[in-house]
Amino acid sequence: MIVTLQTLASTLATLRSSPRLAVDTETTGLRPYHGDMPFAIIVADWDHEYYFNLAESCAWRPAAAQLQEDLFSHEKTWYFANAKFDLAMLAKMGLVPRGTIHDLAVHERLLDSTLFGQVFSLDAMAERRGKKKDGGPKAWCEKNGAVTRVPVEGKQTTVKQYHFDRVPLGIIVPYAKLDARLTFDIGREQEAAFVLAELPDIPSLAPLVVNERQLTETVYAMEAVGVKVDLAFCRRAAVHEGQRYAEALRGFELIAGKPFVNSANCLAPLFAGQTLRLTPKGHPCFDAEALSTYTGPVAKLVTDIRGFKGASDYYHGFLYHADADGVIHAGFNQHQARTGRFSSSAPNLQNLTKSDEEELEDEFVVRRAFVPRPGYFFAMFDFHQMEYRLMLDYSGARGLIDKILGGLDIHQATADLAGITRSQAKTANFLTIYGGGDGVLAAKLGVTVGEAARIRAAIKAAAPENAAFIDECEAVARRRGFVYGWFGRRHYFPDQNDSYRAPNAVIQGGCADVIKLAMNRVARLLRGTMSRMVLTIHDELVIETHEGDSRLLAEIKGLMEEAYLHRHIPLTVGVDHSFKSLADKTEGYP
DNA sequence: GAACAACGCACC
DNA sequence: AAACGGTGCGTTGTTC
């Protein structure tokens with residue numbers, strides 16, 4: 001039904017007693033931090049959908065207070081298809097749901113570690129359950145010119161915008177009601193699936209579910225606060241990199257006699273006569289590594305061109321995504337990675353170029369674009385060698401652990417025990433965690449496969465417990481089709497050929513769940529203070545700390561370290577800080 | 001025109 | 001038989 005101001009009170013009275021409700025919003029666009037607004041809120045209970053038509057009258061603004069008081073303030077489980085988006089839109093109406101936030105995509109991930117790609121949309125989740133979504137509004141927009149293509153500075157492509165707010169009620173209402181219906185039904189199905197997944201004598205998923213649900217609120221707050229960029233710096237940097245890019249393009253054309261196109265078609269003729277490496281698909285390879293082995297004046301130029309373009313893309317992306325206050329509200333996606341890690345998007349803040357000391361001499365380095373707001377500084381916390389230490393704690397590799405507890409660096413300890421160089425040990429250690437074989441190790445070290453095998457054998461002899469952990473993990477995945485991670489996360493490997501990935505999933509996923517737990521605890525600690533979490537980068541948290549909150553920093557470090565209860569070797573956390581930017585950091589507390 | 005595959009490259 | 005784990009994004013070229 002369509003709720004009017006006249007029927008508002010009675011509708012709220014009906015909904016108030018429901019322990020679970022699905023909520024969906026219809027909005028003017030997809031960018032809550034760039035002025036888009038909700039024009040409808042749809043609530044579904046067990047058997048009805050209620051369309052609150054905010055567009056109907058400007059009287060809805062005051063009525064929102066009643067919506068908060070008589071609906072959202074009541075503690076419930078709230079199902080959302082895309083919680084952080086809807087929470088941001090609701091917040092624009094002053095609406096804040098109380099109770100438990102159940103994001104469909106987050107729960108879908110917990111139920112199935114194999115899901116990959118664009119399978120977390122409501123459409124896709126519905127389709128997997130034999131339900132169908134309604135394409136009416138999109139089709140209407142296409143037919144009636146309610147689609148805008150927005151060109152983006154520094155980009156070849158355009159962004160498509162659907163104006164759902166122009167769609168007639170007769171089309172949008174049934175569509176919106178169906179979405180809310182699907183959200184409720186899928187939410188219920190997921191909860192039922194978790195009940196079924198609880199069996200005696202196996203690790204419970206419950207702690208994981210509790211943590212991820214809380215985390216949705218933690219991450220929503222983090223995204224809403226966002227992180228500030230220096231817009232003027234970004235504009236200058238975009239121009240600077242753009243100029244270097246254009247100059248390098250001219251240089252290429254001068255030498256090659258044709259314009260640069262970043263494709264094998266364009267590049268291959270320029271390296272005629274040389275033996276070219278091949279990509280996995282058998283095409284000639286022109287990545288930086290391959291180019292460095294080719295001869296000719298354009299090889300270096302191609303790498304330069306790509307470097308300048310890459311840098312320029314970062315700054316253009318920041319300018320595109322920053323809101324009117326120069327704040328970027330990037331997405332931190334709880335559900336996207338199969339191991340349980342976060343991913344980041346729009347823009348991705350987990351792959352910002354890192355600059356070494358020499359590069360930091362330059363004016364324009366990517367991380368310098370990110371600055372603390374007035375009265376704040378950045379405190380950066382990162383787990384030391386998180387994945388490797390977690391593996392050591394799982395395996396209990398005594399010899400290595402003793403050396404490391406004695407203060408030795410992990411790779412040096414490996415090198416000492418195995419009689420190899422630190423550099424070799426470091427490469428081998430990474431590959432161990434990634435499941436790399438002797439062939440890859442040989443390629444990385446520039447030695448023969450036989451020599452690589454010898455190095456591996458030496459490491460295995462020095463720390464047989466690590467090898468045993470990996471073999472066991474892989475064997476279990478092969479036999480049973482899945483393995484349990486720390487905190488009860490289940491990693492499925494239906495294809496036996498993928499079993500070699502199981503140890504990595506357990507380690508990477510374990511680290512993810514440690515930092516996810518720490519994030520909720522840090523968020524709780526910071527509640528009521530002026531400070532806030534702004535970034536999470538796999539083994540690192542960045543806190544935008546108010547100058548008056550410095551005393552909290554040691555406590556945050558402690559929370560992170562204690563999030564994982566170790567058996568053999570604890571996780572330790574390093575601290576950096578900066579009053580300037582993400583680039584210019586100083587070790588330790590301020 | 002849009003969707004898709006492939007590549008290249010940034011991070012942990 | 002043999003295996004380098006997990007991401008997001010921009011571009012190019014092909015295909016429907």
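Reminder, nothing fancy here: chain letters follow the sequence lines and each chain counts from 1. What's counted below: heavy atoms across the whole structure, side chains too, no hydrogens, waters or symmetry copies. Small disclaimer: the values here were computed from a predicted structure and weren't measured.
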- Query: Any salt bridge between Glu127(A) and Lys133(A), counting N to O under 4.0 Å?
  - Reply: no
- Item | Nearest-Å distance once atom P is located in both dC4(C) and dC12(B) | 22 Å
- Query: For residues 139-163 of chain A, which residues have at least one heavy atom under 4.0 Å from DNA chain B?
  - Reply: Arg149(A), Lys160(A)
- Task: Determine, for Phe233(A) and Arg235(A), whether the Lys NZ or Arg CZ falls below 6.0 Å from the six-membered ring centre while staying within 45 degrees of the axis.
- Result: no
- If you look at every strand shown and take non-hydrogen atoms under 4.0 Å, does Ile537(A) touch a base, only sugar-phosphate, or nothing? sugar-phosphate
- Task: Identify whether any heavy atom of Gln336(A) sits under 4.0 Å from a base atom; if not, whether one sits that close to sugar-phosphate; answer base, sugar-phosphate or nothing.
- Result: sugar-phosphate
- Any chance the rings of Phe383(A) and Phe381(A) have centres within less than 6.0 Å? no
- Could you state the atom-to-atom distance from CG of Leu349(A) to P of dC12(B) in whole Å? 13 Å
- Message: Once you apply a heavy-atom cut-off of 4.0 Å, does Gly435(A) come out as touching a base, just sugar-phosphate, or nothing?
- Response: sugar-phosphate
- Short N-O contact, Lys138(A) and Glu142(A), less than 4.0 angstrom: no
- Between which nucleotides of DNA chain C, read 5' to 3', does contact with chain A run, using atoms under 4.0 Å from its heavy atoms? dA1(C) to dG13(C)
- Query: Any salt bridge (charged side-chain N to carboxylate O under 4.0 Å, His left out) pairs touching residues 335-344 of chain A, not counting sequence neighbours?
  - Reply: Arg341(A)-Glu387(A)
- Figure out the CZ/P separation between Arg338(A) and dC12(B), and round it to whole Å. 20 Å
- Query: NA contact type, Asn265(A), heavy-atom cut-off 4.0 Å: base, sugar-phosphate, or nothing?
  - Reply: sugar-phosphate
List the atom pairs, with distances to 0.1 Å, where a side-chain N or O of residues 255-262 of chain A and a protein N or O form a donor-acceptor pair under 3.5 Å, not counting sequence neighbours.
unit_1, atom_1, unit_2, atom_2, d
Lys258(A), NZ, Cys266(A), O, 2.8
Asn262(A), OD1, Arg306(A), NE, 3.1
Asn262(A), OD1, Arg306(A), NH2, 3.2

- Message: Using a strict threshold of under 4.0 Å (side-chain N to carboxylate O), is an ion pair present between Arg244(A) and Glu241(A)?
- Response: yes
- Along DNA chain C (nearest heavy atom to each residue), the more 5'-positioned of Lys309(A) and Arg109(A): Arg109(A)
- Query: What is the distance from NE2 of His316(A) to P of dA10(B), rounded to the nearest Å?
  - Reply: 18 Å
- Message: Would you say the ring centers of Phe378(A) and Phe370(A) fall short of 6.0 Å from each other?
- Response: no
- Rounded off to whole Å, could you give me the CG-to-P distance for the Leu535(A) and dC12(B) pair? 12 Å
- Message: Students often get this wrong, so: under 4.0 angstrom with heavy atoms, is Ile507(A) touching a base, only sugar-phosphate, or nothing?
- Response: nothing
- Message: Using heavy-atom distances to pick each residue's nearest nucleotide on DNA chain C, tell me which of Gln496(A) and Asn504(A) is more 5'.
- Response: Gln496(A)
- Task: Kindly state whether the ring of Tyr388(A) and the ring of Phe430(A) have centres lying under 6.0 angstrom apart.
- Result: no
- Task: Please determine if Arg422(A) and Asp409(A) form a salt bridge, counting it only when a charged side-chain N lies under 4.0 Å from a carboxylate O.
- Result: yes
- With sugar-phosphate meaning primed atoms plus P, OP1 and OP2, does Arg341(A) contact a base, only sugar-phosphate, or nothing at under 4.0 Å between heavy atoms? base
- Expected output: side-chain Ser312(A) to main-chain Phe308(A) donor-acceptor under 3.5 Å: no
- Task: Salt-bridge test for Arg109(A) and Glu212(A): reply yes if a basic N is under 4.0 Å from a carboxylate O, no otherwise.
- Result: no
- Task: Answer with base, sugar-phosphate or nothing: what part of the nucleic acid does Ala346(A) contact at a heavy-atom distance below 4.0 Å?
- Result: sugar-phosphate
- Message: Between Glu289(A) and Arg277(A), does any NZ, NE, NH1 or NH2 come within less than 4.0 Å of an OD or OE carboxylate oxygen?
- Response: yes
- Message: By the 4.0 Å heavy-atom rule, please label Tyr314(A) as base, sugar-phosphate, or nothing.
- Response: sugar-phosphate
- Is the NZ or CZ atom of Arg31(A) both under 6.0 Å from the centre of the six-membered ring of Tyr320(A) and within 45° of that ring's axis? yes
Expected rows: protein N/O vs nucleotides 7-9 of chain B N/O, under 3.5 Å:
unit_1, atom_1, unit_2, atom_2, d
dC7(B), OP1, Thr279(A), OG1, 2.4
dC7(B), OP1, His283(A), ND1, 3.1
dG8(B), OP1, Phe286(A), N, 2.7
dG8(B), O3', Arg306(A), NH1, 3.3
dC9(B), OP1, Ala288(A), N, 3.3
dC9(B), OP1, Arg306(A), NH1, 3.1
dC9(B), OP2, Ala288(A), N, 3.0

- Task: Give DNA chain C the dot-bracket treatment, 5' to 3': Watson-Crick (N1-N3 with N6-O4 or O6-N4) or G-U (N1-O2, O6-N3) under 3.5 Å, [ ] crossing, | other strand.
- Result: ....||||||||||||
- Query: Under 3.5 Å, is there a donor-acceptor pair linking the side chains of Tyr564(A) and Asp393(A)?
  - Reply: yes
